[in-house]
*Asks:* 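Following this message is one structure expressed as structure tokens.
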Amino acid sequence: MRSELLKGHLDLLVLTALRSEPGHGYVVLDRLRRLSDGEFALPEGTIYPALHRLERDGLLASRETKHQGRARRVYSLTPAGKKALVGKRAEWERFTAGIARTLEAAG
Amino acid sequence: MSDDPIVGYLADFAKELGRLGPRRRRLLAEVEDHLREAAARLEHDGASSDEAARLAVAQFGTPRVVTGRSAGSGVWRAVAEMRALGWRGGFSAGALIVAASLAVVAVGAGRSTVASCAPHLLCGPPPPMHHPLREDGYLAASVLIGLVTSVWLIALGREWSRRHKLAWRGLLVVILVGVAAGLGTGGWVRQHAPRGCPPLAPSSLAGWCQTQSAQDAANRLHRAEWYWLGAAGLSLLLVASVGDLRRSDSQIGSRTTSAISLP
């Protein structure tokens, strides 16, 4: 999928990837790859600005852990993040349904 | 520079971040953790160690692309920009002060008698002066210059060994070594050289030397202060350059102490 298309929905994807359990940036990307069957191909580094932004907005919380001597920051959904995920998902479904209806109507 | 592509990438990344802020260390640690894990995964899948590291870096995206999304435009970024300008300004000011003091010491302190006594080393030191603090100025300032330059060189050398991208700073090191050596040697010689004309000086210079030596005494008082100014300039260079190094890429990964604003 084109990066430009993906960028607008990165927040929803990141929240979705963290819905079931916390994870660090690499795991989030890995989950997105698996869940999308490799469809999403962004430069991996772009995940971090999204994670930081969501944390700043209070939708994610993070804590630092140690892994093989390295600092690792693990993110998890906050209650506000869970609520936002529900809202964004509903918004996305309305949006795609609207697109689908439009395309079908146009033949 | 390390042969490890990840280390090289982190250096570039840190340079791209380049500014101070509260989250720079955190971002660099996250990036390093990501790259190490990605490389380990690729290596597990059959890539060589070097190939895995290069591929992990390539998949992560260029520092400019990533930091372009990370740097934001908030207050921290503005503050960081101002700090960076401050470092550069301090560095430039220090260099200017050193250059000015060098010029004055070399040419004279603005008194015609100094210019007329160009071959100072032939003329020897002046008669005893009445201000011990100033009289000792040459030596003390020379020692200070040596100390400051040593600290500066150690900090710079350590950083230079970490990255080979500091070629211009290497050149600056050479220049500063010359400056410090020149100032230090000049100060010491002027304070300790034997009075009067050296034994091998032409006899025709003897009278001229004695005359100029007396006239030069007052100038020495004045020029000692320029030695101190040179030392101050070097100190400013030290603070500014070390600050600039800390700002750039010596602080990668676990050693990082500064930070960057994030969106």
Side-chain angles (χ1 to χ4, degrees), chain A residues 1-11 13-15 17-18 22-34 36 38-76 81, chain B residues 6-7 9-10 12-14 16-17 21-45 52-53 55-77 252-257 259-263:
Chain A
M1 181 180 286
R2 290 171 61 113
S3 296
E4 292 75 16
L5 289 175
L6 198 51
K7 273 186 241 168
H9 308 290
L10 194 54
D11 289 2
L13 294 172
V14 169
L15 292 173
L18 289 168
H24 58 288
Y26 187 85
V27 160
V28 171
L29 275 170
D30 199 43
R31 287 177 190 163
L32 288 178
R33 264 194 296 263
R34 282 190 287 105
S36 69
E39 184 68 23
F40 299 149
L42 275 172
E44 294 180 1
T46 56
I47 198 76
Y48 291 97
L51 287 168
H52 297 152
R53 185 177 58 253
L54 290 169
E55 184 182 17
R56 184 197 61 193
D57 294 343
L59 305 183
L60 295 180
S62 74
R63 60 188 170 84
E64 188 171 297
T65 63
K66 285 286 181 187
H67 177 77
Q68 295 181 345
R70 299 194 304 267
R72 169 166 291 176
R73 187 159 291 275
V74 176
Y75 295 87
S76 59
Chain B
I6 292 177
V7 172
Y9 181 87
L10 289 171
D12 291 342
F13 198 90
E16 190 65 38
L17 292 176
R23 293 193 172 185
R24 184 172 187 258
R25 173 170 56 180
R26 170 179 160 176
L27 179 57
L28 284 169
E30 281 192 290
V31 171
E32 181 172 15
D33 180 49
H34 184 110
L35 292 174
R36 298 287 178 203
E37 183 165 3
R41 188 75 63 94
L42 290 165
E43 203 171 339
H44 181 265
D45 292 342
L55 194 53
V57 164
Q59 289 174 346
F60 195 78
T62 65
R64 186 170 295 275
V65 166
V66 178
T67 59
R69 293 183 173 90
S70 298
S73 57
V75 174
W76 271 109
R77 185 174 177 83
I252 296 170
S254 60
R255 292 185 59 235
T256 306
T257 57
I260 185 176
S261 62
L262 297 173

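Note on naming: letters A, B, ... go to the chains in the order of the sequence lines (proteins, then strands), and numbering restarts at 1 for each one.
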*Asks:* Look at B/R41, B/H34, B/R36 and state which one has the largest set of heavy-atom pairs under 4.5 Å with chain A.
*Replies:*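 Most pairs with chain A among the choices: B/H34.
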*Asks:* Select all residues of residues 25-33 of chain A having any heavy atom within less than 4.5 Å of some heavy atom of chain B, and report them by number, or 'none'.
*Replies:*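 The residues closer than 4.5 Å to chain B, in numerical order, are A/G25, A/Y26, A/L29, A/D30.
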*Asks:* Can you sort out the partners of B/Q59 under side chain to side chain donor-acceptor pair (under 3.5 Å), two or more places apart, ordered by chain and number?
*Replies:*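 None.
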*Asks:* Side chain to side chain donor-acceptor pair (under 3.5 Å) with A/R70: which residues, sequence neighbours excluded?
*Replies:*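 B/D33.
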*Asks:* Testing the 3.5 Å rule here: is there a donor-acceptor pair between the side chains of A/H24 and B/E37?
*Replies:*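 Distance-only check passes for A/H24 and B/E37.
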*Asks:* Give the ring-plane orientation class for B/F60 versus A/Y48, where under 30° counts as parallel, over 60° as perpendicular and anything between as tilted.
*Replies:*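 Correct class here is tilted.
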*Asks:* Given side chains that start at C-beta, do those of A/L54 and A/L10 come closer than 4.5 Å, heavy atoms only?
*Replies:*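 Heavy-atom side-chain distance check fails, nothing below 4.5 Å.
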*Asks:* Apply side chain to side chain contact (heavy atoms under 4.5 Å, CB included) to B/A52 and list each qualifying residue two or more places apart in sequence or on a separate chain.
*Replies:*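 Scan of B/A52 (side chain to side chain contact (heavy atoms under 4.5 Å, CB included), adjacent residues dropped) gives B/A39, B/L42, B/E43, B/A47.
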